[in-house]
Number of protein chains: 2
Amino acid sequence: MPDYMQEAFAAAEMAGRRGEVPIGAVVVHSGLQRIVGRAGNEVEDRGDATAHAEMLAIRGASRMLGQKFLSECDLYVTLEPCPMCAQAIAFARIRRLYFAAFDPKGGGVENGPRIFEQPTCHHRLECYGGIQEMRSAELLRDFFAARR
Amino acid sequence: MPDYMQEAFAAAEMAGRRGEVPIGAVVVHSGLQRIVGRAGNEVEDRGDATAHAEMLAIRGASRMLGQKFLSECDLYVTLEPCPMCAQAIAFARIRRLYFAAFDPKGGGVENGPRIFEQPTCHHRLECYGGIQEMRSAELLRDFFAARR
């Protein structure tokens, strides 16, 4: 199996080189075993506070596949999704979520509102967190250290 | 003061005529007293599960103003925002939120995860819910009744 988290890290690193907080995401079609959406954080570039990597990758995948539900797709992202992105993942009916570092300050999956555990969230998906989490933590730490 | 909720309802009704769940939103710049973002739900038209009226109105306002933070802007929407949109509102630093009907099934402001009350949500804003709520409830009820 290709290392899709590696692809997410490549998108994160490219975002960091553009001056964005280095977070990256890819959407993979499980049947095709192909990346159908790929994005880094573009908040600064777009001047759009909602332009998180996951949102852009999901929108890209929906555009590529021509469908709003991504039930056969998995999302790989270098940081635990925030509540906005977690709810977007639920709306898009993503099959599995793989993420690297946990985010106690801003995450919405294992932290904060724990979106997928809300009684009003009807989409159930498999979540795997902590994959290469040190690499993600270092990437973010180096980015913020260089800005100080 | 212009009736901005009326403008949000106009966007909601237009969305309904396009076959979308009839929800509409406008972003108003409080200093300019002008609408800088306006959208109806476009989930079906775009084939994008995240294309809620609030998301599109916020993105439109950021594009128009050329800034990611909308600290001088207020959002008017015909239904209580879901958790995704509530978090987007917080990220965009919207000043005030006015919404019509409460949404016990899918809302994220006064229901569900109550995004703005989460300790991890650092943006504080004024929220006013229940404005013309019967009109919003009827609009949604008629839409779903016609589809059965």
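Basis for what follows: all heavy atoms, side chains included, without hydrogens, waters or symmetry-related copies. Note on naming: letters A, B, ... go to the chains in the order of the sequence lines (proteins, then strands), and numbering restarts at 1 for each one.
- Counting all heavy atoms, side chain and backbone alike, B:P83 lies closest to A:I115 at CB-CD1, 3.9 Å.
- Heavy atoms of other residues, nucleotides or ligands lying less than 6.0 angstrom from CZ of A:R93 number 12 at most.
- Neither the backbone nor the side chain of B:E117 comes within contact range of chain A; no heavy atom of the residue lies under 4.5 Å from a heavy atom of that chain.
- Contact annotation for A:Q67: only backbone heavy atoms (N, CA, C, O) come within less than 4.5 Å of a heavy atom of chain B.
- Two residues are said to be in side-chain contact when any heavy atoms from C-beta on lie closer than 4.5 Å; A:K68 and B:E44 meet this criterion.
- Other residues, nucleotides and ligands contribute more than 12 heavy atoms inside 6.0 Å of the CZ atom of B:R18.
- In the hydrophobic clustering of this structure, A:F91 does not group with B:V109; members are Ile, Leu, Val, Met, Phe, Trp, Tyr whose side-chain heavy atoms approach within less than 4.5 Å, directly or through other members.
- Ranked by heavy-atom pairs under 4.5 Å with chain B, the list A:H52, A:H122, A:R46 is led by A:H52.
- In this structure, A:S62 and B:G47 approach most closely via the heavy-atom pair CB-O, 3.3 Å.
- Scanning both residues, A:P113 and B:T120, for their nearest heavy atoms gives CD-OG1, 4.4 Å.
- Of all the listed residues (A:N111, A:D48, A:V43, A:L70), the one sharing the greatest number of non-hydrogen pairs under 4.5 Å with chain B is A:D48.
- Linking ILVMFWY residues whenever their side-chain heavy atoms come closer than 4.5 Å, directly or via other members, leaves B:I23 and B:L56 in distinct clusters.
- Note: the hydrophobic cluster containing A:L125 also contains A:L79 (ILVMFWY, side chain heavy atoms under 4.5 Å, direct or indirect links).
- A:Y98 and A:F116 are members of different hydrophobic clusters when ILVMFWY side chains are connected at heavy-atom separations under 4.5 Å.
- Smallest separation of non-hydrogen atoms from A:M84 and B:A88: SD-CB, 3.7 Å.
- Atom CZ of B:R135 has more than 12 heavy atoms from other residues, nucleotides or ligands within 6.0 Å.
- The contact between A:C82 and chain B is made entirely by side chain atoms (from C-beta outward), counting heavy-atom distances below 4.5 Å.
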